[in-house]
Amino acid sequence: MAATQQATASLPEIEIYNTLSHAKEPFKTVSPGRVGMYLCGPTVYKPSHIGHMVGPVIFDTVKRHLVYSGWQVTWVVNITDVDDKLIAESTARGISMADLAREMTADYLENLAALGVDGIDEMPKATDHIGGIIRFIEGLIEKGFAYAAAGDVYFDVTRDEDYGKLTNRSVEQTQGEGGSTADRKRSAADFALWKQAKPGEPSWESPWGPGRPGWHIECSAMSEALLGDHFDIHGGGLDLVFPHHENEIAQSESLHGCPMASYWMHNGLMQAAGAAGKVGGRPRDGGDDAAAQAATKISKSTGAEPFKELLARHRPEAIRLLLLSTHYRSPIHFGEEPLAESARALEAFERLFARYERLTGTSFYGLPGRDRQAGTAAVAEINDSVAAEVSRLRDRFLEAMDDDFNTAIAVASLFDFVRLVNKFIDSHGLEKAPQPEAQTTLDAAMLTLRELTTVLGLFLEAPAAASGGADEALVGSLMNLVIELRARARKAKDFATADLIRDALGEAGILLEDRPDGTGWSQK
RNA sequence: GGCGCCGUAGCCAAGUGGCUAAGGCAGCGGAUUGCAAAUCCGCCAUCGUCGGUUCGACUCCGACCGGCGCCUCCA
């Protein structure tokens with residue numbers, strides 16, 4: 001008891017923007033010190049594209065910050081592995097739906113791993129929860145919120161007084177045409193909880209005959225199973241707010257009689273500049289050329305390329321940095337140019353890491369992480385004039401993260417941090433001669449940078465070596481020879497030769513840098 | 001038509017009723033360097049338009065213009 005209180009008391013105060021209230025709210029968990037977090041995952045019928053990665057990276061960062069700050073977090077991301085699109089795609093490819101789902105789930109997981117998303121605790125599959133889904137639907141029917149109709153089951157939107165509260169719509173405003181099953185629905189806005197199987201489709205037995213679950217019910221049933229009736233954070237892309245999350249709320253709160261999630265967090269969508277034509281949305285006035293040039297959301301309909309192909313051209317670190325450079329609720333402008341820019345920005349960090357390793361022999365990537373309390377204690381121990389600056393930048397970072405996970409400011413403070421450390425190295429002349437005291441401070445600063453970059457999930461692993469194998473050693477010794485020859489030329493003031501060597505290497509993609517402690521080279 | 005979001009420097013992107021309007025990329029000047037590269041220092045925006053509220057607004061309100069999302073599968 002005392003221990004729990006103490007643990008809770010040390011938790012920082014943070015604020016989270018809640019789509020439900022359209023405002024930032026102080027973060028209060030359902031149970032002290034613990035967080036249950038649910039993110040709507042992919043429908044695994046095609047390789048994932050960049051749009052599928054936004055939510056996972058954002059919520060991975062959310063989890064990292066919460067865990068770092070002292071909470072115990074359980075993060076669930078569901079896998080939709082039964083659905084019209086899966087049926088269609090597996091039929092087209094002549095494989096089973098289960099095989100298709102397995103293949104695409106593996107693809108998804110590999111992409112997440114590349115981006116450093118490693119905090120997911122549970123990835124429930126809809127097909128593993130059919131029993132729970134059926135019980136959930138039965139409960140809704142018993143309570144009068146749902147009805148069976150010709151082998152289907154629908155949620156009766158008119159029975160739910162709150163319906164539309166997430167998106168501020170009335171039932172009338174949500175009326176579509178009701179789709180192909182309009183004749184079975186009481187209201188056009190009713191949505192399917194259970195769909196009767198057509199001949200040849202994968203199906204499960206149920207009280208209403210063979211069929212499969214609707215899309216919305218999966219998330220209600222799986223979050224209930226893994227996080228309980230009332231959990232803390234429910235996340236997803238802004239495009240899921242309606243109807244998906246609205247319907248989840250309708251289902252779960254109608255059955256349980258309590259809030260489903262305390263905080264509804266929605267991330268902005270990827271935008272591709274210059275994409276032609278409008279994709280989503282109903283056409284407004286006539287067509288117009290101006291709109292055709294505007295940025296549009298990246299989605300499957302725009303033919304977004306598989307994420308794997310993107311990874312072949314861009315480092316995952318640059319992609320993650322780009323995602324975190326924009327506030328999570330804003331749209332992210334995405335494309336080759338922003339990505340290239342992000343990669344260039346990344347290099348400032350990596351040059352500092354390389355510099356640090358040259359000076360101390362310590363790899364930044366090998367530095368130990370630490371939690372928030374330990375970090376605060378460690379920073380207080382720094383005994384140098386830069387201590388105040390280190391502490392200030394760290395505070396700025398943490399305040400930003402506490403304020404609705406403002407990663408853009410957090411990243412900005414990290415760039416300031418890099419400058420601070422470089423300046424420290426410069427002003428102490430550490431590259432000219434070692435200085436034990438200054439080096440202790442340098443270590444402390446780098447440990448702090450390690451602490452903070454880990455919260456963002458950045459620089460988790462050293463970049464893979466450009467070329468592997470036996471060639472590497474050979475190139476290394478050749479480079480040593482060339483650099484030695486050039487050093488002799490420079491000593492002899494034969495700058496023409498020295499520059500010839502440097503220029504030629506430059507054309508070969510090798511960059512030379514003359515530093516106080518010698519010449520270094522890197523591959524461009 | 002309904003619901004919601006946005007419009008900040010060449011580009012990307014934070015943010016605040018009054019204090020220097022973050023940071024990145026690009027650019028310019030300087031220190032450093034044999035020259036470069038890297039690093040450091042400095043410079044580079046009055047916040048879509050028009051009105052209103054206020055002692056004071058980029059920040060609140062209104063109108064307008066422009067863009068985006070959702071209302072159909074979508075992260």
Side-chain angles (χ1 to χ4, degrees), chain A residues 19 22 39-43 45 48-59 77 83-85 164 167-170 172-177 179 189 215 235-244 246 266-271 278-282 284 290-291 293-302 321-322 325-327 329-333 335 337-338 340-348 351-352 354-355 396 400 403 406-416 418-419 422-427 431 490 493-495 498-499 502-503 506 511-516 519-520 522:
Chain A
T19 304
H22 303 281
L39 174 70
C40 289
T43 300
Y45 73 108
S48 40
H49 63 255
I50 178 66
H52 296 115
M53 298 294 120
V54 181
V57 167
I58 300 295
F59 288 92
V77 179
D83 168 272
D84 290 339
K85 296 184 294 276
T167 46
N168 191 24
R169 299 163 208 245
S170 64
E172 297 72 50
Q173 286 170 343
T174 66
Q175 299 285 26
E177 289 80 49
W215 175 40
L238 266 170
D239 53 347
L240 295 185
V241 181
F242 191 91
H244 188 51
E246 194 72 77
H266 291 100
N267 59 268
L269 305 176
M270 279 283 174
Q271 307 269 134
K278 289 202 55 67
V279 179
R282 288 172 186 164
R284 265 149 256 191
Q293 291 304 320
T296 49
K297 155 182 143 183
I298 289 173
S299 71
K300 69 166 202 241
S301 346
T302 60
L321 180 65
L322 179 63
S325 296
T326 304
H327 187 97
R329 278 188 275 121
S330 303
I332 302 168
H333 286 98
E337 189 46 41
E341 206 174 276
S342 175
R344 258 169 285 166
L346 208 58
E347 287 167 14
R351 279 191 296 261
L352 174 63
R355 197 179 191 195
R396 180 153 170 257
D403 181 10
N406 194 328
T407 55
I409 290 182
V411 167
S413 70
L414 256 28
F415 278 102
D416 285 336
V418 168
R419 183 176 305 114
N422 272 320
K423 201 192 299 191
F424 182 81
I425 294 172
D426 283 356
S427 65
E431 262 172 334
R490 290 177 70 205
K493 301 246 188 275
D494 178 6
F495 296 123
D499 291 348
R502 188 172 60 199
D503 293 347
L511 191 69
L512 287 190
E513 289 185 32
D514 297 324
R515 295 185 282 256
T519 298
S522 59

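Just so we're on the same page: letters track the sequence lines, and every chain starts at 1. Keep in mind that this is a model prediction, so the values were computed, not measured.
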Side chain of A:D426 (C-beta onward), nearest among B:rA22, B:rC35, B:rU39: B:rU39

Can you check the distance between B:rC55 and B:rC50, where both ends of the measurement are the C1' atom (answer in whole Å)? 23 Å

Nearest-Å distance once atom P is located in both B:rG27 and B:rU59: 34 Å

For A:T167, enumerate each residue passing the side-chain hydrogen bond (donor to acceptor under 3.5 Å, both in side chains) test, keeping only those at least two apart in sequence or located in another chain. A:R169, A:E246

B:rC43 to B:rG23 separation - P atoms, rounded to the nearest Å: 11 Å

Please round to the nearest 0.5 Å and tell me the distance separating atom CG of A:L240 and atom CG of A:L269. 8.5 Å

What is the distance, rounded to the nearest whole Å, between atom CD1 of A:I332 and atom P of B:rG24? 20 Å

Opposite nucleotide pairing with B:rU20, Watson-Crick or G-U, both atom distances under 3.5 Å: none

Is A:L240 touching bases, backbone alone, or none of the nucleic acid, heavy atoms closer than 4.0 Å? sugar-phosphate

If pairing means Watson-Crick or G-U wobble with both distances under 3.5 Å, then the partner of B:rG10 is B:rC25

A:N267 has a side chain; which of B:rA36, B:rA22, B:rA75 sits nearest to it? B:rA75

Checking A:R355 now: which residues fulfil salt bridge (charged side-chain N to carboxylate O under 4.0 Å, His left out) with it, not counting sequence neighbours? A:D426, A:E431

Look through every strand shown and name the nucleotide pairing with B:rC70 as Watson-Crick or G-U wobble, where both distances are under 3.5 Å. B:rG2

Base-pairing assignment for B:rC60 (Watson-Crick or G-U wobble, both under 3.5 Å): B:rG52

Rounded distance [0.5 Å steps], CG in A:L512 versus CG in A:D499: 10.5 Å

Got a second to check how far A:Q271's CD is from A:I332's CD1, nearest 0.5 Å? 9.5 Å

Residues forming a salt bridge (charged side-chain N to carboxylate O under 4.0 Å, His left out) with A:D514, sequence neighbours excluded: A:R486, A:R490, A:R502

Please give the nucleotide sitting opposite B:rC40 as a Watson-Crick or G-U wobble pair, both distances under 3.5 Å, or none. B:rG30

Using whole Å, what does the distance between atom C1' of nucleotide B:rC70 and atom NE2 of A:H266 come to? 11 Å

Pairs under 3.5 Å (N/O, protein and nucleotides 42-45 of chain B):
none

Sugar-phosphate, base or nothing in reach of A:G55, heavy atoms under 4.0 Å: nothing

Would you name the heavy atoms of A:L322 and A:H333 that are closest together and state the gap between them? CD2-O, 4.4 Å

For A:L346 and B:rA38, give me the distance from atom CG to atom P, rounded to whole Å. 16 Å

Could you list the protein-to-nucleotides 25-28 of chain B atom pairs, N/O on both sides, closer than 3.5 Å?
unit_1 : atom_1 : unit_2 : atom_2 : d
B:rC25 : O2'    : A:R344 : NH1    : 3.1

Find the distance A:D416:CG to B:rA22:P and express it as a whole number of Å. 11 Å

Just call it for A:G235: base, sugar-phosphate, or nothing, with non-hydrogen atoms closer than 4.0 Å on any strand. nothing

Could you tell me whether A:L352 contacts a base, only the sugar-phosphate backbone, or nothing, with contacts defined as non-hydrogen atoms closer than 4.0 Å? nothing

Could you work out which one of B:rU39, B:rA75, B:rA13 sits closest to the side chain of A:T326? B:rA13

To the nearest angstrom, the CG-P distance between A:L322 and B:rA14 comes to 11 Å

A:S48 meets the side-chain hydrogen bond (donor to acceptor under 3.5 Å, both in side chains) criterion, sequence neighbours left out, with A:D107, A:N111

Which whole number of Å gives the distance between the C1' atom of B:rU16 and that of B:rU8? 12 Å

What is the distance from OH of A:Y45 to P of B:rC73, rounded to the nearest Å? 12 Å

Contact class for A:G236 vs. all strands (heavy atom < 4.0 Å): base, sugar-phosphate, or nothing? sugar-phosphate

Please pick, from B:rC40, B:rA36, B:rC70, the nucleotide with the shortest atom-to-atom distance to any side-chain atom of A:R419. B:rC40

If you measure from the C1' atom in B:rC5 to the same atom in B:rC41, how many Å do you get, rounded? 40 Å

Only counting residues at least two apart or in another chain, list the ones meeting side-chain hydrogen bond (donor to acceptor under 3.5 Å, both in side chains) with A:R419. A:D416

Determine the interatomic distance between C1' on B:rU33 and the same-named atom on B:rC25; round to the nearest Å. 25 Å

Closest non-hydrogen atom pair, A:L238 against A:G268: CD1-CA, 3.9 Å

Taking only residues two or more places apart in sequence or in another chain, which ones pass side-chain contact (heavy atoms from CB on, under 4.5 Å) with A:S522? A:L511

Below 3.5 Å is the cut-off: list the nitrogen or oxygen pairs between protein and nucleotides 3-8 of chain B, distance only.
unit_1 : atom_1 : unit_2 : atom_2 : d
B:rC3  : O3'    : A:N168 : ND2    : 3.0
B:rC3  : O2'    : A:T167 : O      : 2.8
B:rG4  : OP1    : A:N168 : ND2    : 2.8

Counterpart base for B:rC35, defined by Watson-Crick or G-U wobble contacts under 3.5 Å: none

Look for any protein N or O under 3.5 Å of an N or O in nucleotides 15-20 of chain B and output each such pair with its distance, or none.
unit_1 : atom_1 : unit_2 : atom_2 : d
B:rG15 : OP1    : A:N406 : ND2    : 3.1

Applying side-chain contact (heavy atoms from CB on, under 4.5 Å), name anything that partners A:A400, two or more places apart in sequence or on another chain. A:N406, A:I409

Correct closest heavy-atom pair for A:A348 and A:V418 would be O-CG1, 4.0 Å

Using the P atoms only, state how far B:rC61 lies from B:rU53, rounded to an integer number of Å. 15 Å

Those residues that, when tested against A:N168, pass side-chain hydrogen bond (donor to acceptor under 3.5 Å, both in side chains) (two or more places apart): none

Paired nucleotide for B:rC47 [Watson-Crick or G-U wobble; both distances under 3.5 Å]: none

Categorize A:D83 for me: base, sugar-phosphate, or nothing, with a 4.0 angstrom heavy-atom threshold over every strand shown. nothing

P-based separation of B:rA22 from B:rA63 [nearest Å]: 32 Å

Quickly work out the A:L414 CG to B:rG24 C1' distance and round it to whole Å. 12 Å

For A:K423 and B:rU39, is the shortest distance between a side-chain N/O and OP1 or OP2 below 4.0 Å? no

Just checking A:S330: base, sugar-phosphate only, or nothing, at a heavy-atom cut-off of under 4.0 Å? sugar-phosphate

Please tell me which of the listed nucleotides, B:rC35, B:rG69, B:rU39, lies nearest to the side chain of A:R355? B:rU39

Distance (rounded to the nearest 0.5 Å) between A:T43 OG1 and A:D83 CG: 5.0 Å

Counting the atoms with a prime plus P, OP1 and OP2 as sugar-phosphate, which does A:N422 contact under 4.0 Å by heavy atoms, base, sugar-phosphate, or nothing? sugar-phosphate

